[in-house]
Visitor: 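Below you will find the structure I want to go over with you.
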Amino acid sequence: QVQLVESGGELVQAGGSLRLSCAASGRTFSSYAMGWFRQAPGKEREFVAGISRSGGSTYYTDSVKGRFIISRDNAKNTVYLQMNSLKPEDTAVYYCAAGRGPLVEIRQSKYDYWGQGTRVAVSP
């Protein structure tokens, strides 16, 4: 079992930056690929970024490429999402997820554990 707790979400102005954190319980964090997803009001949850077990591979949805950076610290059991140049359309609840597969996955079905989410609001 893995428990995930996100933090770092808040209200920020467009063009600003935020860093989200996701702390994982357990001693097997490095066994999981990690992903960040988001759900905007009235929309389905979507993939944002993913990182492999070692951190050597990352993948981003097109709308955040060049603005967001996913990273992980396996010694701290934590995955991060650095969000720069934020736009109002980035407003959403952001979730982190852990998956047992070795590769970065964009499909939600490939993730086994989910956090409760942290809310990000970007004002114009």
Side-chain angles (χ1 to χ4, degrees):
Q1 281 280 1
V2 176
Q3 291 186 323
L4 304 172
V5 179
E6 302 96 334
S7 62
E10 62 181 71
L11 174 64
V12 63
Q13 287 189 330
S17 298
L18 282 177
R19 188 175 81 156
L20 305 183
S21 299
C22 173
S25 65
R27 294 176 288 181
T28 59
F29 178 71
S30 60
S31 300
Y32 294 89
M34 300 297 295
W36 283 97
F37 293 77
R38 67 185 179 187
Q39 186 167 20
K43 295 187 177 180
E44 294 186 352
R45 189 162 58 184
E46 64 173 356
F47 172 84
V48 175
I51 189 166
S52 61
R53 293 169 176 173
S54 68
S57 296
T58 58
Y59 188 80
Y60 301 89
T61 193
D62 286 346
S63 62
V64 308
K65 283 180 182 176
R67 299 189 298 124
F68 290 11
I69 301 172
I70 187 171
S71 62
R72 66 189 297 164
D73 185 337
N74 286 345
K76 295 183 178 180
N77 283 12
T78 303
V79 62
Y80 304 97
L81 186 67
Q82 178 67 43
M83 305 188 295
N84 302 318
S85 302
L86 283 161
K87 304 175 181 180
E89 50 264 44
D90 295 318
T91 294
V93 177
Y94 283 73
Y95 300 89
C96 72
R100 292 192 179 93
L103 303 176
V104 178
E105 290 283 354
I106 65 172
R107 292 169 291 179
Q108 298 184 47
S109 61
K110 292 296 185 179
Y111 289 85
D112 304 288
Y113 302 101
W114 292 82
Q116 293 299 306
T118 185
R119 190 173 303 274
V120 173
V122 184
S123 62

Visitor: Using a 6.0 Å cut-off, check whether atom CD of Gln39 has over 12 heavy atoms from anything other than its own residue.
Guide: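 Enclosed: over 12 neighbouring heavy atoms sit under 6.0 Å from CD of Gln39.
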Visitor: Less than 4.0 Å between a side-chain N and a carboxylate O, is that true for Asp62 and Lys65?
Guide: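 A salt bridge is present here (some side-chain N lies under 4.0 Å from a carboxylate O).
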Visitor: Mark yes when over 12 heavy atoms from residues, nucleotides or ligands other than Glu46 sit less than 6.0 Å from its CD; otherwise mark no.
Guide: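 Yes - once you tally the heavy atoms of other residues, nucleotides and ligands closer than 6.0 Å, there are more than 12.
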Visitor: Which pair of non-hydrogen atoms, one from Thr78 and one from Ala23, has the smallest distance, and what is that distance?
Guide: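 Shortest heavy-atom separation between Thr78 and Ala23 comes out as OG1-CA, 4.2 Å.
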Visitor: How close do Pro88 and Ala14 get, counting heavy atoms only, and between which atoms?
Guide: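 Closest heavy-atom pair between Pro88 and Ala14: CD-CB, 4.1 Å.
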Visitor: Any idea which heavy atoms bring Ala92 and Arg38 closest together, and the distance?
Guide: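 Answer, listing the atom of Ala92 first, then Arg38: CB-CB, 3.8 Å.
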Visitor: Counting only heavy atoms from other residues, nucleotides and ligands, does the tally under 6.0 Å from CD of Glu89 exceed 12?
Guide: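 Yes.
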Visitor: Should side-chain heavy atoms under 4.5 Å link Ile, Leu, Val, Met, Phe, Trp and Tyr, which residues sit in the same cluster as Val122?
Guide: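 In the cluster with Val122 are Val2, Leu4, Val12, Leu18, Leu20, Phe29, Tyr32, Met34, Trp36, Val48, Ile51, Tyr60, Val64, Phe68, Ile69, Ile70, Val79, Leu81, Met83, Leu86, Tyr94, Tyr113, Val120.
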Visitor: Could you state the interatomic distance from CD (Gln116) to OG (Ser7), rounded to the nearest 0.5 Å?
Guide: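 Separation between the atoms: 13.5 Å.
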Visitor: Between the main-chain N or O of Arg53 and the side-chain N or O of Asn74, is there a donor-acceptor pair closer than 3.5 Å?
Guide: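 A pair under 3.5 Å: yes.
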Visitor: Is Glu6 reaching over with its side chain to a backbone N or O of Cys96, donor-acceptor style, under 3.5 angstrom?
Guide: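 Looks like yes, one N/O pair under 3.5 Å.
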Visitor: Rest of the hydrophobic cluster containing Ile106 (Ile/Leu/Val/Met/Phe/Trp/Tyr, side-chain heavy atoms under 4.5 Å)?
Guide: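 Answer for Ile106: Phe37, Phe47, Tyr59, Val93, Tyr95, Val104, Tyr111, Trp114.
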Visitor: Quick check: does any side chain N or O of Arg72 sit under 3.5 Å from a backbone N or O of Gly55, one acting as donor and the other as acceptor?
Guide: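 Between the backbone of Gly55 and the side chain of Arg72 there is no qualifying donor-acceptor contact (under 3.5 Å).
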